[in-house]
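Reading through the structure tokens given below for one structure.
Note that this is a predicted model, so its numbers are computed, not measured. Residue numbering restarts at 1 for every chain, and letters A, B, ... go by the order of the sequence lines. Every heavy atom of this structure was used, including side-chain atoms; hydrogens, water molecules and symmetry mates were not.
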Protein chains: 2
Amino acid sequence: MSTADRKQDTLFVNSLAKGLRLLEAFDEEHHSLGLSELAKRTGLDKSATQRFANTLHQTGYLMKDEATRRFRPSHKFAEMAYAYLWSDPVVQLAMPKLIELSGRLGETINMAELSGSDIVYVARIPCQRTTFAATLVGRRVPALNTSGGRAILATLPETERRACIENWPLTRFTPETTQDRDRISELVEEAAHLGYSFSRNELILKEIGVAAPIIGADGRPVAAVHCSVSAYHWTREKVEQDIVPFLLDTANSITPSVR
Amino acid sequence: MSTADRKQDTLFVNSLAKGLRLLEAFDEEHHSLGLSELAKRTGLDKSATQRFANTLHQTGYLMKDEATRRFRPSHKFAEMAYAYLWSDPVVQLAMPKLIELSGRLGETINMAELSGSDIVYVARIPCQRTTFAATLVGRRVPALNTSGGRAILATLPETERRACIENWPLTRFTPETTQDRDRISELVEEAAHLGYSFSRNELILKEIGVAAPIIGADGRPVAAVHCSVSAYHWTREKVEQDIVPFLLDTANSITPSVR
DNA sequence: TTTCATTGTATCATATTGCGATACAATGTA
DNA sequence: TACATTGTATCGCAATATGATACAATGAAA
């Protein structure tokens with residue numbers, strides 16, 4: 001390796017990086033894990049896994065069930081979201097407006113931010129109809145598969161959004177989740193034209209999603225406000241008439257100032 | 001150090017533990033930090049801080065503003081809460097019931113769990129009146145200072161709760177926050193008698209809190225359902241008449257089964 | 001504008017830490 | 001009961017992480 005590479009290496013602490021991989025082994029499908037499962041999911045050596053799991057337990061990040069010897073996330077995981085949400089000025093700015101919108105519409109209201117090729121939900125105001133997964137802050141889903149992601153993409157320069165549509169990953173959440181990149185391109189162009197994005201059946205069957213981008217002071221998108229409703233009770237026309245105007249008003253009022 | 005101490009030491013990875021301290025340096029008052037501030041807040045050597053910050057940046061946990069050279073939490077912080085919330089069966093069980101209660105009462109509804117001498121909020125259903133801090137999952141506050149904490153304590157055996165009241169820390173959030181342990185003891189005894197806890201002016205002036213414990217299958221408390229309302233619009237009598245019955249019904253319906 | 005203080009970056013000799021191989025215990029399954 | 005899998009404990013050793021240090025960059029005060 002070159003001198004430049006070597007320079008990078010001496011500022012990188014491998015033990016920390018490996019330990020963080022244990023934290024990332026837990027997700028919506030892996031609530032608790034034993035040492036062997038942790039080693040498998042992280043690709044780490046068994047002894048290393050034992051050391052890192054023990055350290056995370058002693059520092060309070062993992063709880064250990066002494067009977068089953070399985071580890072699970074502790075409250076410290078939740079506390080990290082608390083620190084994140086305080087550090088994100090858009091969240092502070094948006095929260096009261098999202099709550100107001102939720103009160104007005106009586107439907108699920110979210111705010112998501114672009115993160116690589118995904119969006120991450122940073123504010124979630126649930127209603128009666130909201131599934132558990134859809135109530136949780138921190139959920140990450142592919143941008144191309146969501147109205148929120150498409151609303152954000154729609155505000156990027158044309159060549160940039162075209163590259164995103166061609167290259168970013170897709171995931172199938174329902175039998176109807178769109179995997180057709182041409183179709184997604186059409187939907188993003190439509191969103192660029194309308195100023196909001198519309199989706200149906202993407203994450204949940206019979207669920208309509210509509211999202212509007214939040215534009216930063218620099219003209220770049222920073223987030224999207226999203227509303228989801230049941231297709232059993234709503235049509236696109238009704239959504240455009242009764243929800244979209246308020247959604248756009250809310251999104252437009254959440255423009256973060258220059259720091 | 002004895003052989004037993006040495007045994008413990010070789011399974012503890014200091015570099016990981018130190019790196020985690022950097023993550024914990026961010027909170028509601030520290031949204032972004034430079035290297036010197038990180039070193040101060042963590043007690044780590046300047047070079048170590050540089051290495052850990054660089055590693056957390058490269059692994060995606062911290063974002064770095066190249067202009068100001070300051071670090072801030074990334075979406076990975078929020079994602080950790082997502083993993084935690086899936087791993088906590090009480091949260092999954094409770095969420096729809098809390099949403100229903102919120103719809104019925106139109107006020108702020110939370111669920112908090114005991115964590116050491118604190119409570120940590122793991123579900124938050126805000127309303128129009130809710131302050132930003134009170135909308136955030138992962139917030140940690142001293143148990144003795146909150147109706148939720150007292151509701152939980154009230155269900156512990158008498159000697160155990162007495163020890164907690166005598167020893168656990170208190171924090172003053174408002175000029176009216178109770179620091180009188182005798183008074184807290186009275187309030188906890190009252191909660192033991194009533195089955196719910198009542199507070200006023202503790203975290204926010206002119207805010208009334210009322211909480212009911214959620215008891216696990218083993219008879220131990222696991223969490224508390226909490227409602228907060230404005231003292232401008234509510235009295236204790238009115239809360240006891242219009243909120244407490246529904247609060248108790250909700251708390252009683254969230255009893256996690258034996259695993 | 002200059003000078004000084006503070007913060008950030010880069011480097012290196014070295015000691016200590018963390019590694020991974022291994023043995024054995026405990027638990028689960030057939 | 002026997003075997004497979006998982007978890008725990010140990011140790012020799014190489015590589016990592018340490019912290020001291022020098023210097024660059026930036027900010028603040030005179």
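Take Ser36(B) and apply the side-chain hydrogen bond (donor to acceptor under 3.5 Å, both in side chains) test, not counting sequence neighbours, and it matches no residue. Applying the side chain to side chain contact (heavy atoms under 4.5 Å, CB included) rule to Glu207(A) yields the partners Arg129(A), Ile204(A), Ser228(A); only residues at least two apart in sequence or on another chain are considered. Residues forming a salt bridge (Lys or Arg N to Asp or Glu O under 4.0 Å) with Glu66(B) (at least two apart in sequence, or on another chain): none. Listed by chain and residue number, nothing satisfies the salt bridge (Lys or Arg N to Asp or Glu O under 4.0 Å) test with Asp65(B) (two or more places apart in sequence, or in another chain). Partners of Glu160(B) according to the salt bridge (Lys or Arg N to Asp or Glu O under 4.0 Å) rule, which considers only residues two or more places apart in sequence or in another chain, are Arg220(B). By the salt bridge (Lys or Arg N to Asp or Glu O under 4.0 Å) test, Glu176(A) pairs with no residue at all, sequence neighbours left out. For Arg51(A), there are no side-chain hydrogen bond (donor to acceptor under 3.5 Å, both in side chains) partners, not counting sequence neighbours.
Using a 3.5 Å distance cut-off with no hydrogens or angles, the side chains of His57(A) and Asn54(A) do not pair a donor with an acceptor.
Between Thr10(A) and dA10(C) there is no side-chain polar atom (N or O) within less than 4.0 angstrom of OP1 or OP2. In this structure, Lys64(A) reaches the dT8(D) phosphate: one of its side-chain N or O atoms is under 4.0 Å from OP1 or OP2. Contact between the side-chain N/O atoms of Lys18(B) and the OP1/OP2 oxygens of dT18(D) is found at a separation under 4.0 Å.
When each of Ser36(B) and Val13(B) is assigned the nucleotide of DNA chain C bearing its nearest heavy atom, the one mapping closer to the 5' terminus is Ser36(B).
Among the nucleotides dG7(D), dT7(C), dA9(D), the one closest to the side chain of Gln50(A) is dA9(D). In this structure, of dT9(C), dT10(D), dT18(D), it is dT18(D) that holds the atom nearest to the side chain of Arg51(B).
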Between side-chain atoms of residues 131-139 of chain A and protein atoms elsewhere (two or more places apart, or another chain), which donor-acceptor pairs fall under 3.5 Å?
residue   : atom : partner   : partner atom : Å
Thr131(A) : OG1  : Ala134(A) : N            : 3.4
Thr135(A) : OG1  : Phe132(A) : O            : 2.7

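Atoms CZ (Arg70(B)) and P (dG27(D)) sit 11 Å apart, rounded to a whole Å. With rounding to whole Å, Glu37(A) atom CD is found 13 Å from dG28(C) atom P. Taking atom CG of residue Leu33(B) and atom P of nucleotide dT7(C), one finds them 13 Å apart after rounding to whole Å. One interatomic measurement links the two molecules: CZ of Phe12(B) to P of dT16(C), which rounds to 18 Å at whole-angstrom precision. Rounded to an integer number of Å, the gap from Leu22(A) CG to dG18(C) P is 15 Å. As a whole-Å value, the separation of Asp65(A) CG from dG7(D) P is 12 Å. Distance Phe52(B) CZ to dT17(C) P: 12 Å, rounded to the nearest Å. Separating the CG atom of Leu16(A) from the C1' atom of dT17(C) is a distance of 15 Å, rounded to the nearest angstrom.
Note on residues 161-172 of chain A: pairs passing side chain to side chain donor-acceptor pair (under 3.5 Å), not counting sequence neighbours, are Glu158(A)-Arg162(A), Arg161(A)-Glu189(A).
Rounded to 10 degrees, the angle separating the terminal helix axes of the helix from dT1(C)-dA30(D) to dA30(C)-dT1(D), each built from five base pairs, is 60°.
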Can you tabulate the close N/O pairs, meaning under 3.5 Å, that link protein atoms to atoms of nucleotides 24-26 of chain D?
residue : atom : partner  : partner atom : Å
dA25(D) : O3'  : Arg69(B) : NH2          : 3.4

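Note: His31(B) and Phe26(B) fail the aromatic proximity criterion, with ring centroids not under 6.0 Å apart.
With respect to Leu33(A), the side chain to side chain contact (heavy atoms under 4.5 Å, CB included) criterion is satisfied by exactly one of Leu38(A), Thr42(A), Leu62(A): Leu38(A).
Less than 4.0 Å separates DNA chain C from at least one heavy atom of each of the following residues of residues 38-48 of chain A: Asp45(A), Lys46(A), Ser47(A).
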